[in-house]
Amino acid sequence: MYSPFSENLMHHQNMLSSSLLKTIPWFSDLLKSKVMTCSPYTNCRPVAYMQVTAEEVSRHNLPAKVKVLFDDNLRAIGVEYRHQNRVKRAYARKEVILSAGAVDSPKLLMLSGIGPKQHLESVGIRTLVDLPGVGQNFQDHPAIVGLSWNVRKGMANGLQQLLTPWSKLQYITKRQGPLSAPPGIEGNAWVHLGDGRDPTLPHVQLAMISVAVGLDYGLTLSRIAGFTRQVYKDYFQPDQGRQGFNIGPMLTVPKSRGSITLRSSDPADPPLIDPNFLSHPDDVEYLVKGIKFAIAIGNTTVMRNGLGATFYDRPVTGCKHLLYGSDDYWRCFTRGMVSSGYHPTSTCMMAPDSDPNGVVSSRLLVRGVTGLRVIDASIMPVITSSNTNAPSIMIGERGADFIKEDYGYI
């Protein structure tokens, strides 16, 4: 075994539950928990994709898709793309598949003239099909980062542990050690907060993270969470370099909806991403409840005695005028510290023809044209209540079956 944080969670699960029962009377009925699938001493889940970074695209001159091509009957016949500083075309014998994700799939549709007519005209793109739902209905899992506990030295991942040659060797040879669970996600718990809705549908996911945000002195972790340098300086810097852990509540079924729109008609311009987090008041209230539950876990006797856990209770900038620990304080904290769960979905929504905001059919075919499908997380009508990796793989598998069925291969 490697990580004291993991070992403590595993070894004291029953004691942790007992502590929570004393702190939260309704805990036994509401906590739906699941042990991590990737830990410093168990193999990680198989990687189901090849990651291609922007740097690799540039270095290897990989093609960048610009738009979908259509004939006079609005049938998709190919794609236009840029490669080695030249615009080229590739033609399809049967159909074109978009699998660019919840950000770039709607972007490509809109660049191709499929999307909300008024928006397309505003950036100078001729509308082929007026589909108001393209780029709308954006959903993500908003997460709270910054609920931290300091621990005794050696009880959580330290910078030296993460960067040692031994850690690298452990990961390369056995897929074990601290690098097997970046950035230190040691466990997850799914929690129903007791509002009378379906008891099988949790409100929040709690991520147990065995590194403190300030561990790397602001080099990467705070940037991943989306914090500005000023927020890091005011809130995290006083605690930087110390070993600790975070428990991050993440809203599983948010009610807020955002959008993806075009910045211009230039394919090289990144789209405008407006997650519109916390625009629905219920999302704030559920995250506040999730924060209280996370603090109850971190402050249990097991965590205090086993790890020497001490909650980092520095008031966050912008909320210091409110009584620390009150609901109003945590609402303010939520609005200031919310971040993306990096699970964008639902911007090319699958829906019946009766829904004006639908983009694809139940067989993932784009409305108003033929020979074009979208097969990725953007087709989800509603985001799943957990991580989107496995559902995205399922969508890919099902989409492949649709194609094989339509062309007589199965």
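Scope of the values below: all heavy atoms of this structure, side chains included, with no hydrogens, waters or symmetry mates.
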Could you go step by step and tell me if Leu278 and Leu287 meet the side chain to side chain contact (heavy atoms under 4.5 Å, CB included) rule?
CA-CA 10 Å; Leu278 310 183; Leu287 281 172; 3.7 Å; yes

Please walk me through it: do Arg75 and Glu95 pass salt bridge (charged side-chain N to carboxylate O under 4.0 Å, His left out)?
CA-CA 8 Å; Arg75 178 172 183 82; Glu95 57 183 62; 5.6 Å; no

Which is it for Leu372 and Leu109 under the side chain to side chain contact (heavy atoms under 4.5 Å, CB included) test, yes or no, and what are the steps along the way?
CA-CA 10 Å; Leu372 178 62; Leu109 286 177; 3.8 Å; yes

Before giving the answer on side chain to side chain contact (heavy atoms under 4.5 Å, CB included), spell out for Phe293 and Val204 the whole-Å C-alpha distance, their side-chain angles and the decisive distance to 0.1 Å.
CA-CA 10 Å; Phe293 200 98; Val204 295; 5.9 Å; no

Working for side chain to side chain contact (heavy atoms under 4.5 Å, CB included), residues Leu251 and His141
CA-CA 5 Å; Leu251 201 60; His141 290 137; 5.9 Å; no

Go through the steps for Lys292 and Asp327 under the test salt bridge (charged side-chain N to carboxylate O under 4.0 Å, His left out), then give the verdict.
CA-CA 9 Å; Lys292 292 179 177 180; Asp327 284 359; 2.4 Å; yes

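Put simply, the side chain of Gln139 gets close to the backbone of Ile383: a donor and an acceptor are under 3.5 Å apart. In terms of modelled atom types and a separation under 3.5 Å, the side chain of Arg373 and the main chain of Val360 share no donor-acceptor contact. Between the side chain of Asp140 and the main chain of Pro142, no donor-acceptor pair closer than 3.5 Å is present. Looking only at distances, a side-chain donor or acceptor of Arg314 sits under 3.5 Å from a matching main-chain atom of Asp234. Panel note: side chain Thr384, backbone Thr388; no donor-acceptor pair is recorded below 3.5 Å. Counting only distance, with no hydrogens or angles, the side chain of Ser259 and the backbone of Gln136 share no donor-acceptor pair below 3.5 Å.
One distance of note links CD1 of Ile144 with CZ of Phe333; it measures 7.0 Å at 0.5 Å rounding. For the atom pair NZ (Lys67) and CZ (Arg89), the distance works out to 6.5 Å, reported to the nearest 0.5 Å. Atom CZ in Arg363 sits 10.0 Å away from atom CD1 in Ile403 (nearest 0.5 Å). The CD atom of Gln237 sits 10.5 Å away from atom OH of Tyr217, with the distance rounded to the nearest 0.5 Å. Here the CD atom belonging to Glu80 is positioned 11.5 Å from the CG atom belonging to Leu108, to the nearest 0.5 angstrom. Considering OG of Ser385 and CH2 of Trp190, their distance stands at 9.0 Å, rounded to 0.5 Å.
Under the side-chain hydrogen bond (donor to acceptor under 3.5 Å, both in side chains) criterion, His119 pairs with no residue, sequence neighbours left out. Looking at residues two or more places apart in sequence or on another chain, you find a side chain to side chain contact (heavy atoms under 4.5 Å, CB included) between Asp266 and Arg82, Ser264, Ala268, Asp269. Scored by the side-chain hydrogen bond (donor to acceptor under 3.5 Å, both in side chains) test, Asn299 finds Trp149 as partners (sequence neighbours excluded). Residues forming a side-chain hydrogen bond (donor to acceptor under 3.5 Å, both in side chains) with Lys255 (at least two apart in sequence, or on another chain): Asp282. Considering only residues two or more places apart in sequence or on other chains, Lys94 meets the side chain to side chain contact (heavy atoms under 4.5 Å, CB included) condition with Tyr407, Tyr409.
Screening Ile97, Leu98, Val96 for a side chain to side chain contact (heavy atoms under 4.5 Å, CB included) involving Val374 leaves a single residue, Leu98.
Residue-environment remark: CZ (Arg257) exceeds the threshold of 12 foreign heavy atoms within 6.0 Å. More than 12 heavy atoms of other shown residues, nucleotides or ligands fall within 6.0 angstrom of atom NZ in Lys320.
No side-chain donor-acceptor contact under 3.5 Å links Asp328 and Ser326. The closest side-chain donor-acceptor pair between Ser256 and Ser279 falls under 3.5 angstrom. Between Ser99 and Asp376, the side chains place no donor N or O within less than 3.5 Å of an acceptor N or O (distance only, hydrogens not considered).
Note that Arg175 lies in the cation-pi zone of Tyr171, set by a 6.0 Å cut-off to the ring centre and a 45° limit from the axis.
Between Tyr235 and Tyr312, the gap from one ring centroid to the other is short of 6.0 Å.
Screening residues 365-405 for ring-ring contact (aromatic ring centres under 6.0 Å, His included) gives no qualifying pairs among residues at least two apart or on separate chains.
Inter-residue side-chain proximity for Val366 and Leu131 is flagged as met; some heavy-atom pair is nearer than 4.5 Å. Residues Phe70 and Val129 have side chains not in contact (no heavy-atom distance under 4.5 Å, counting atoms from C-beta outward).
Shown here for Asn246 and Gly146, the closest heavy-atom pair between the two residues is OD1-N, 3.5 Å. Closest non-hydrogen pair, Ala351 versus Gly358, comes out as CB-CA, 3.7 Å.
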